[in-house]
Amino acid sequence: MPLYSDIDVLVHEVGPRDGLQATDIMMSTAGKIAWIKALKNAGVRKIQVGSFVPRKLLPQMADSAEIVKATKEMGGVHVAALVPNFKGAQNAMAAGADTLNFVMSASEPHNLNNVRKTHEQSLMEFEKIVELRNSEAQYSHVTISGGLATSFGCTIAGDVDPKVVLSLAEQYVRLGADRMGMADTVGYGNPQQVKELFSEFIQIADGRDVSAHFHDTRGLGLANVFAALEAGVREFDGCLGGLGGCPYAPGATGNVVTEDLVFMLESMGYRTDIDLQKLLAARAVMEEHLQGEPTHGTFVKAGPPKGFSQVQTSAGAG
Ligand code: ZN
């Protein structure tokens with residue numbers, strides 16, 4: 001069941017997590033809250049506001065519980081948080097997150113490097129998380145998403161076997177995932193590959209919502225979005241200003257640029273209910289609180305083409 005029935009495509013802003021964890025610049029808690037508020041005002045309905053990982057690993061994410069609480073207080077935003085393990089999930093649920101984005105890398109060497117776990121160990125954590133949610137009444141509303149990072153290629157292993165990716169997807173279904181996603185974490189994927197793998201992934205998901213997370217590292221971000229749309233995906237992650245570049249490749253572009261993504265979807269006739277002008281205002285708030293961080297994107301430079309109008313937006317009505 002889609003989270004919202006009145007829009008065609010759900011755009012999930014992940015900048016406050018993916019964008020901020022990739023930079024050494026520390027955004028203040030107040031800055032994050034101002035940015036999230038501006039996103040909400042633009043009509044962004046789902047935001048990944050932080051990551052529940054050990055403080056010493058990612059000091060940028062140390063205030064994630066506070067950010068989850070502050071965003072919940074704003075109302076009107078579905079609050080997602082990234083969790084790599086059971087402990088993180090416990091903390092995210094206690095803070096009040098609506099969705100837990102559990103992440104495991106489809107490339108096992110990447111998973112070992114990233115979260116120090118084999119696939120089997122990560123899946124055991126996932127199972128415990130589902131059990132915790134199912135056993136505690138106060139968490140019954142929490143959605144658990146099974147995410148597969150590096151599904152289209154890996155900086156350590158190179159190619160990632162699609163059979164491995166799809167068998168991990170089957171494990172998520174077996175263990176009780178509510179929804180699932182695949183990520184091109186390092187920008188290796190191409191549209192042909194994306195269309196083929198997502199077509200099979202959607203079959204395995206068997207009616208569960210499926211989301212896609214693309215990086216524009218090699219310029220194929222929006223082409224991959226289009227390919228995933230063709231396969232039937234209706235939820236996409238993006239980062240305002242294309243934050244999330246690779247710390248090991250200075251100058252490399254990051255995630256798909258949210259405002260360019262919204263422009264593409266709206267110009268194709270998909271209703272997102274995100275107001276592009278207000279989204280640019282949110283981008284300005286983000287830049288103000290993240291000075292020195294390179295940002296990307298083309299819509300911000302060129303503006304809308306003559307005669308362009310959005311499908312329909314309700315942002316700012318209230
Ligand atoms: Zn990412």
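When a ligand or atom number is given, it counts from 1 through the structure's own listing order. The basis for the numbers below is simple: all heavy atoms, side chains too, and nothing from hydrogens, waters or symmetry mates. In this chain, residues are counted from 1 in sequence order.
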State, to the nearest 10 degrees, the angle whose vertex is the Zn ion (ligand 1) and whose arms point to NE2 of H213 and NE2 of H215. 100°
Shortest non-hydrogen contact between K195 and A227, atoms and distance: CG-O, 3.8 Å
May I ask you to check whether F308 and F263 place their ring centers less than 6.0 Å from one another? yes
Would you call the rings of Y172 and F102 parallel, tilted or perpendicular, taking 30° and 60° as the class edges? perpendicular
Nearest 0.5 Å, what's the OG1-CG distance between T185 and N114? 8.5 Å
Under 2.8 Å: N/O/S of C239 next to the Zn ion (ligand 1): no
Need the atom name: nearest N/O/S atom of D18 to the Zn ion (ligand 1). OD2
